[in-house]
Amino acid sequence: MLVRDAMSTVVLTIGPTHTLRQAARLMSARRIGAAVVHDPDTCGLGIITERDILDAVGSGLDPDRETASAHTTTDVVFAAPAWTLEEAAEAMTHGGFRHLIVLDGDGPVGIVSVRDIIRCWAPARRRTPAAAAG
């Protein structure tokens, strides 16, 4: 199975000046755990996750003053739609993160998360003969 089969194609893109509260509100409304941060001044893409927001608020930072840019991961590992789920899972395990921005050409076309991969793998595992015999 490929990343394109598992990824969410609803990509929330925010700007670097969005506050953490704004980012959290948008992510919560869409029930997603990550947003792409696009900085037009640097032409770069980054990612902010629910964990980034939780860490900032948990350390006492003001979510109405802190901007996404201050908490964005910019050294992002990108996935391609044609990657296997095994390749995506390996990249996540190696990098210690739970979301990959999926790029096709120059732009994001999706996000794949650990949850997306598990959702795809779990039904397949139930259908295998070893799972049925166990």
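Just so we're clear, the structure is a prediction, and the values are computed from it rather than from any experiment.
Here the closest heavy-atom approach between residue I47 and residue A34 is recorded as CD1-CB, 3.9 Å. In terms of heavy-atom proximity, A88 sits nearest to I117 at CB-CD1, 4.0 Å. Contact between G15 and A68 at its shortest, heavy atoms only, is O-CB, 3.9 Å.
Looking at heavy atoms from C-beta onward, D55 lies out of side-chain contact with H71 at the 4.5 angstrom threshold. Looking at heavy atoms from C-beta onward, H99 lies in side-chain contact with S113 at the 4.5 angstrom threshold. A heavy-atom distance below 4.5 Å is not found between the side chains of D104 and R4. Looking only at side-chain heavy atoms (C-beta outward), R98 and E50 come within less than 4.5 Å of each other. Using a 4.5 Å cut-off on side-chain heavy atoms (C-beta onward), P108 and L103 make contact. Side-chain contact check for V112 versus W83: every heavy-atom pair is 4.5 Å or farther apart. The side-chain heavy atoms of V77 and H94, taken from C-beta on, include no pair separated by under 4.5 Å. A heavy-atom distance below 4.5 Å is found between the side chains of M92 and L100.
The line from CD of E86 to CG of L2 is 9.5 Å long, rounded to the nearest 0.5 Å. The CZ atom of R119 sits 9.0 Å away from atom OG of S8, with the distance rounded to the nearest 0.5 Å. Here the OG1-CD1 distance, from T9 to I111, works out to 11.0 Å after rounding to the nearest 0.5 Å. Interatomic distance, D62 CG to R21 CZ, rounded to the nearest 0.5 Å: 7.5 Å. One finds the CG atom of L85 at 11.0 Å from the CD1 atom of I118 (value rounded to the nearest 0.5 Å). T49 OG1 to L54 CG: the interatomic distance, rounded to the nearest 0.5 Å, is 9.0 Å.
Side-chain N or O atoms of T19 include one that pairs as donor or acceptor with a backbone N or O of Q22 at under 3.5 Å.
Members clustered with I48: L12, I14, L20, L26, M27, I32, V37, I53, V57, by chain and number, using a 4.5 Å side-chain heavy-atom cutoff among hydrophobic residues.
For the residue pair T67 and S69, a side-chain donor N or O sits within less than 3.5 Å of a side-chain acceptor on the partner.
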